[in-house]
Trainee: 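First the structure, which I've put down as structure tokens, then a few questions once you've had a look.
Reckoned from all heavy atoms, side chains included, excluding hydrogens, waters and symmetry mates. Each ligand, and each atom within it, is numbered from 1 in the order the structure gives. One is the number of the first residue; the rest follow in order along the sequence.
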Amino acid sequence: MKYLIFDTKKEASVESYKILKSLIDKNSTLGLATGSTPTDLYAEMIADYKAGNFSYKNIKSYNLDEYVGISYDHPESYHKFMDTNLFDHIDINKENTHVPDASAADLKLAVKTYQEELNNTQIDVQILGIGGNGHIGFNEPGTPFDAGVHVVDLKEETIKANSRFFDGDINLVPKQAMTMGIKDIMRAKHIILLAFGKEKREAIRSLVEGEEITENIPCTILKNHPSVYVLVDKEADFK
Ligand SMILES: N[C@@H]1[C@@H](O)[C@H](O)[C@@H](COP(=O)(O)O)O[C@@H]1O
């Protein structure tokens, strides 16, 4: 695991884009994340595309997760997030982008379909943020490491943490989500995990410094992955 510390989110994001670019080519498959963490990385991707240095024409993408129970037009849905923060600004073919279909009438079928799609692909680089409780994607503490795509009841602390996107009102935060499983994340060839702010410090400590690999802190499984880059700002650094 490579652990890199930067003064700011911006500097870490610039470096994360350099790493990403060194790991992919124009035909790669990306695993993408949402939340406040990857926004500056996406801004770097957009800027480099606009400068004519990279094309997404043949790139495929698979997103980690999506809320259950809000429409894809909702500004905080992960479908909308991806359009607003990345897809609408690059030349990716929307048909090559995949975000879990968590509003499907038949959610069971949607889970099965996404699992099949993931099983039939190889993600080259998976971008990850991290929850304060160590969740990756929406794999909350206690999720079995061998879980695949599933629907999850969000933990109280996650609903609280994510209420910042819903006018600070926990009643507006969806209570469930559909997420890739830990097993799916671990299949990626390379992983770039970003973490900013002191709320992430303990999770980063468990990942980088702690010895224990435990389902109670989902991110600790990444210790077993052969190619992980962890980039943090100084607030998320535990030293
Ligand atoms: N499901 C997402 C995760 O994929 C994300 O990594 C994490 C951190 O969010 P943020 O980047 O906004 O701090 O929590 C959310 O609940």
Side-chain angles (χ1 to χ4, degrees), residues 6 8-10 12-13 16 30-44 61-70 72 74-82 84-86 98-102 114 118 123 125-143 147 149-168 170 172-182 184-186 188 191-204 206-207 217-222 228-233 235-237:
F6 299 84
T8 62
K9 169 181 175 180
K10 182 80 195 165
S13 302
S16 70
L30 305 179
L32 298 176
T34 52
S36 57
T37 301
T39 50
D40 283 353
L41 165 59
Y42 295 160
E44 288 302 308
S61 74
Y62 290 84
N63 262 79
L64 284 167
D65 46 17
E66 174 60 289
Y67 289 118
V68 172
I70 53 174
Y72 299 152
H74 190 292
E76 294 305 332
S77 85
Y78 290 167
H79 279 75
K80 192 74 177 178
F81 175 98
M82 289 312 300
T84 310
N85 288 281
L86 185 63
H98 307 80
V99 181
D101 188 13
Y114 204 52
L118 290 174
I123 290 177
V125 182
Q126 175 68 55
I127 307 298
L128 287 182
I130 191 167
N133 62 8
H135 75 228
I136 47 178
F138 266 132
N139 290 279
E140 295 280 35
T143 309
V149 178
H150 62 285
V151 174
V152 52
D153 292 330
L154 300 178
K155 296 265 190 208
E156 200 71 43
E157 65 255 28
T158 299
I159 293 170
K160 234 190 199 157
N162 286 5
S163 66
R164 71 201 135 114
F165 300 114
F166 294 87
D167 301 329
I170 55 167
L172 298 178
V173 184
K175 307 296 180 285
Q176 285 190 315
M178 178 172 155
T179 184
M180 276 190 204
I182 302 272
D184 307 307
I185 293 170
M186 289 295 281
I191 292 177
I192 299 177
L193 185 145
L194 301 168
F196 307 123
K198 60 179 182 350
E199 297 76 18
K200 310 295 172 73
R201 195 179 296 156
E202 280 315 307
I204 292 298
S206 309
L207 169 60
I217 314 174
C219 63
T220 57
I221 189 66
L222 300 176
V228 181
Y229 299 81
V230 178
L231 292 84
V232 302
D233 66 3
E235 274 80 44
D237 176 37

Trainee: With a 4.5 Å heavy-atom cut-off, do Gln176 and Val152 have their side chains touching?
Mentor: no
Trainee: Salt-bridged, Glu66 to Lys80, with N to O below 4.0 Å?
Mentor: no
Trainee: Just checking, any donor-acceptor pair under 3.5 angstrom between side chains of Tyr114 and Asn63?
Mentor: no
Trainee: Taking the inter-plane angle between the rings of His98 and Tyr62 on a 0 to 90° scale, is it parallel (under 30°), tilted (30 to 60°) or perpendicular (over 60°)?
Mentor: parallel
Trainee: Would you mind listing each N/O atom of ligand 1 next to any protein N/O under 3.5 Å, plus the distance?
Mentor:
| unit_1 | atom_1 | unit_2 | atom_2 | d |
| --- | --- | --- | --- | --- |
| ligand 1 | 1 (N) | Asp65 | OD2 | 2.9 |
| ligand 1 | 1 (N) | Gly137 | O | 3.3 |
| ligand 1 | 6 (O) | Ile130 | N | 3.2 |
| ligand 1 | 11 (O) | Ser36 | N | 3.3 |
| ligand 1 | 11 (O) | Thr37 | N | 3.0 |
| ligand 1 | 11 (O) | Thr37 | OG1 | 2.4 |
| ligand 1 | 12 (O) | Ser36 | N | 2.8 |
| ligand 1 | 12 (O) | Ser36 | OG | 2.9 |
| ligand 1 | 12 (O) | Arg164 | NH1 | 3.3 |
| ligand 1 | 12 (O) | Arg164 | NH2 | 3.1 |
| ligand 1 | 13 (O) | Arg164 | NH2 | 3.3 |
| ligand 1 | 13 (O) | Lys200 | NZ | 2.6 |
| ligand 1 | 14 (O) | His135 | NE2 | 3.0 |
| ligand 1 | 16 (O) | His135 | NE2 | 3.2 |
| ligand 1 | 16 (O) | Asn162 | ND2 | 3.0 |

Trainee: Once you round to the nearest 0.5 Å, how far does OG1 of Thr220 lie from CG of Leu207?
Mentor: 8.0 Å
Trainee: What residues form a ring pair (Phe, Tyr, Trp, His ring centres under 6.0 Å) with Tyr67, not counting sequence neighbours?
Mentor: Tyr78, Phe138, Phe166
